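Please read all numbers here as calculations on a predicted model, not as lab measurements. Numbering of ligands and ligand atoms starts at 1, following listing order.
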Amino acid sequence: MKLYSTNNPDLTVDFKEAVFNSMPQDKGLYMPDTIKPLDPEFFENIEMCSLEQIAFTVANHILDGAIPADDLKSIVADAINFPAPVVKLDDDTYVLELFHGPSLAFKDFGARFMSRVMGYFMEEGEKMLNVLVATSGDTGGAVALGFLGVENTQVTILYPKGKVSLIQELQLTTNGQNIRAVEVNGTFDDCQALVKQAFTDKDLNEKFRLTSANSINIARLIPQTFYYFNAYAQLKRQGKTDIIFSVPSGNFGNIGAGLLAWKLGLPVKQFIAATNINDTVPQFLETGVYAPKPSVATLSNAMDVGNPSNWVRIMNLFNDDADSLKEVVTAYSYDDGQTADAVNVIFEDYQYVVCPHTAIAWMAIGQYRYDSRDNISTAVFLSTAHPCKFPDVYEGKIKDSVVIPDQVEELLGKPKQSVELGADFEAFKNYLLEG
Ligand SMILES: *Cc1c(COP(=O)(O)O)cnc(C)c1O
């Protein structure tokens, strides 16, 4: 498998290099240089396959030998060890639950697969891989739990003291083993600045092999295709094959993976990109002008992105042609008032609690059906996080209906382990050097 930079198709690297660098020197994004559709036979029999089998077939096809099949099989089995069920709400509306992993968000798919691929590529006798992550909440938990127990890796998570939710903090600070948490007396931006400076520090780079394991890593995108194929398999089992997906979108990695699955042959009629008022992409599809803007805080805060980093990948899949993209992708945006209403309506109609991100994807289905007069397709909206991660959003009956998963109950009993540091670089550097 070769990957090229979206800024320069002539710059190609192998999979291992793309995984460790995350981003090419020219600040483009890595994309696979050939995206061949999967064998039609795979789709004919897909309803007979488990998530693990589907994940392996798809990964092996994309990686095209970059990791030998037997090794890849164990990586996939170890990484994708939780279900992604499609749950029926009514005859033509389903929700794809992606929150059954350790951090209760879909980012577990990407983080777990990437961590195992990195662990696999680390060679005997090599310096230990040091992963530095600054988090404002959700990503850090997925990365921390993704790397937990992975050999030859150590993860340092930096988070702003007092600015993450209780569950998020517990997910960051109760792991032990190869995961440690630094509570920074400052903001998320301070955390990010410390990490950035560490990457350019000579002493640290001599001693450690540093990586950021960040969200644009191609090894996070690939495993996110798996659950689209698996959702299709589950619906095919129920006789449904005319499918549209609605995806709550922020950095557009999730929907980017869906579109990659579509390029690989997955028969999907339409993708809906559902955003909050950070509507750079819906605006672009409407006006043809891509105008990134500063992000605005909303209830669906994991989607507060004004300049989605994966958008270039999506344009690239369509050869930068907005018209052909619009045949497959529709986009809608919603404000917080609409989001809160949707949470209530979904509960009234289906006795089902959604997180605010998921509520946005549900609303977009209704609007798409109305605008396109499509009333024959089966619509699937992706549920990206477990509602218990957003306790402040719910009241009354809905709050009482949120079931706290066992793994969260367990966290509540564990002691917090963290080191408190200021926002100055020297202290952080010494902390890392002293190990
Ligand atoms: C990260 C995240 C999103 C946005 O996903 P992108 O891939 O960035 O578009 C949506 N919902 C939740 C809960 C998330 O954590």
Counting non-hydrogen protein atoms only, what is the nearest one to [atom]? Give residue, atom name and distance.
atom: atom 11 (N) of ligand 1; value: Thr384 OG1, 2.8 Å
atom: atom 1 (C) of ligand 1; value: Lys107 NZ, 1.4 Å
atom: atom 4 (C) of ligand 1; value: Gly250 N, 3.7 Å
atom: atom 8 (O) of ligand 1; value: Asn251 N, 2.7 Å

In this structure, CG of Leu299 is separated from CG of Asp392 (nearest 0.5 Å) by 10.0 Å
Can you name the atoms of ligand 1, numbered from 1 with element, that are less than 4.0 Å from a heavy atom of [X]?
X: Gly253; answer: 6 (P), 7 (O), 9 (O)
X: Ala385; answer: 13 (C)
X: Asn254; answer: 7 (O)

Would you please classify the geometry between the [Y] ring and the [X] ring as parallel, tilted or perpendicular, with 30° and 60° separating the classes?
X: Phe99; Y: His386; answer: perpendicular
X: Trp262; Y: Phe318; answer: parallel
X: Tyr350; Y: Trp362; answer: perpendicular

Any nitrogen or oxygen of [X] lying under 3.5 Å from a nitrogen or oxygen in ligand 1? Just yes or no.
X: Phe106; result: no
X: Ala302; result: no
X: Ser249; result: no
X: Met303; result: no

Partners meeting salt bridge (charged side-chain N to carboxylate O under 4.0 Å, His left out) with Asp374 (sequence neighbours left out) | Lys269
Check the side chains of Thr153 and Asn178 for a donor-acceptor pair under 3.5 angstrom, ignoring hydrogens and angles.
-> yes
Would you check if the side chain of Thr174 reaches a backbone N or O of Gln171 as a donor-acceptor pair within less than 3.5 Å?
-> no
Is the shortest heavy-atom distance from the side chain of Thr135 to the side chain of Val164 under 4.5 Å?
-> no
